[in-house]
Amino acid sequence: MARAVRSGSRADSALLAACALLSLLATVLPVPIREAIASSLRRTVVAPLLMLQQRAERVRSAFASRDADASRLDSLVLRNNELGEMAAENERLRGLLSLGRHLRWGFVPAQALHGQGIGDEHSLTLTVGEAAGVRVRSAVVAHDGLIGQVTAVDPRTSTVIIWSHPDFRASAMAVDGSAFGIVRPHLGEEPERSLLELRGVAFRDALKPGTRITTSGLGGVFPRGIPVGVVLGEVKTSEAWSRTYLVRPAVRPPDVTDVMILSPQRVSTPLDSVWTSPTTAEGAVQRVVQRVVQAGDSLESLIAAAAAAVQARQRQADSIATAPLAPLPDAAVPESAAARAAARTATTDSVRRATSPTTRRDSLRRRP
Amino acid sequence: MSWQRGARAALIFVLLVGMHYFVRPLLGWRVSMDFLVIAVLLVAVRVRPGVAALIGFGIGLIADSLSPQAFGASALSMTLVGFSASWLKAVFFSDNVVLHAFFFFVGKWAFDIIYVIAERNRGLYEMATQLVLWSPLAAALTAVTGVIVLLMFRSMLESPSS
């Protein structure tokens, strides 16, 4: 038993010595041999362990990158929101610049400050006042259309009631001038409270949904041609001889931040062309259509005028041809009837040349 | 040791070796536990010192294969730690948790000391920092981990004296 223990102890010592010796030997081996042994171990025994380690590293980097990705995503979302707001603001300012370019004169740009109190939702405070030329009852517009009317003016600020104010009224018409009425806020419950009413439209003037409504220029406050909104449909009222229409406003007051205050001198100047030439494609198309129609109208009037001139000259020629010739002074009297006939023919020819269709068409063509 | 006990010990040994190459990289801590030391110590107290030295040598070689610059240092450290643990098992191994923790702590610290000396790649200051600061921390963490492993596998790891 003791011998077995002794021999076992010797074997342990021998194993220890061998292992320690091999380890020490490994520490002093040349690098290529060490690398070769390590490499063969990595390719065989350690390969599964290396795979485990790689997987763990991947999981860890995935965890780490998840946080980074989340924060990056948050930043991108935030940036995207900011970009959206900037784009909207850009669009708004572009619209305002475009409006200013088309108005050309007689306006004061201002910033609109929204009140936060009860009832303030129907009024705005503008950052310009009397010092900038703002007067009471001046019309206030945005690039989309009508906003309201100045009711009070201070040297540096002014107060505006917007179209949703219960006291707001404006004379309005269908954009083609086929119907007139008075626009006022629709005092119903939400969400219809945010609509307008076109009241007092003559019973014979039915308006289709989608008809654009603009200011009519009557009343001396709002110039003609400011967009008010679009007809949504007719409202049944107790008025027997007139119609009332619900109108979707062109401008949403909460979106208004920048406005134009029209000077009183602009009231007498129609603004039809200002809002029919927006920068949008639809506006551009409308503008082109309007120009074509105007050109057609002017062509028609020119043709009518030319036809009238032809008729007048024809009548003149006829009268010359049929009228008996008055006795002329001797010096002026042709000596024979043939000479008189020649003179009459020459006059008729000159009239015909002057009123010939070729000449008329050419003259029309040369017009811009 | 019956073959069943041997198989269970071998299973836990392999599991711990696997954890060394999965849990440590997963955590990525500056101070980390050493599952290889825990595995060698747990097995060493169940086998003869010579076999423990051989197991330590093998595990050390596996560890060395991933750091060829210090090739042999882990093998030497593990050999000595394994042999010592097996030789001293009667002294240290008991059912006392604190003694278990101390056993793992000393084993890991001894491993680091031998490794750093055998490695011969560090300066004096760096070596001292490693042995006085980082190694005790790693040894403490290894001790805690070793105790947790022991408690988790208590039913599988019967006392070597039984």
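We name chains A, B, ... by the order of the sequence lines, and we start the count at 1 in each one. Just so you know, these numbers come straight off a predicted model, no measurement behind them.
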Any side-chain heavy-atom pair from [X] and [Y] closer than 4.5 angstrom?
X	Y	answer
B:F83	A:D12	yes
B:L66	A:Q53	yes
A:T27	B:L76	no
A:C19	B:L54	yes

Verdict with supporting geometry, A:L50 and B:Y21, side chain to side chain contact (heavy atoms under 4.5 Å, CB included): CA-CA 7 Å; A:L50 263 179; B:Y21 290 99; over 6 Å; no
Closest approach of B:G72 and A:A26, non-hydrogen atoms and distance?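 Nearest heavy atoms, B:G72 then A:A26: CA-CB, 3.7 Å.
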How far apart are the closest heavy atoms of B:P25 and A:R60, and which atoms are they?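 Answer, listing the atom of B:P25 first, then A:R60: O-CD, 2.9 Å.
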Pick one of side chain, backbone, both or neither for B:V23, based on which atoms fall under 4.5 Å of a heavy atom in chain A.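 When you check distances to chain A, no heavy atom of B:V23 falls under 4.5 Å.
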Which one wins on heavy-atom pair count under 4.5 Å against chain B: A:L49, A:L41, A:L15, A:V46?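 The residue among A:L49, A:L41, A:L15, A:V46 with the greatest pair count is A:L49.
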Leading residue by heavy atom contact count with chain B [cutoff under 4.5 Å; candidates A:A18, A:P48, A:S61, A:A38]: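 Among the listed options, the one with the most contacts to chain B is A:A38.
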For atom CZ of A:R248, is the number of surrounding heavy atoms from other residues, nucleotides or ligands below 6.0 Å larger than 12?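 Incorrect, the count does not exceed 12.
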Just to be sure I understand the criterion: a residue of residues 55-65 of chain B counts if one of its heavy atoms is under 4.5 Å from a heavy atom of chain A. Which ones qualify?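 When heavy atoms of chain A are the reference, residues 55-65 of chain B contributes B:F57, B:L61, B:I62, B:S65 within the under-4.5 Å range.
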Main-chain N/O of B:Q69 paired with A:R34 side-chain donor or acceptor, under 3.5 Å: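 At least one qualifying donor-acceptor pair exists.
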So for A:L25, is it side chain, backbone, both, or neither that comes closer than 4.5 Å to the heavy atoms of chain B?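 No part of A:L25 comes within 4.5 Å of chain B.
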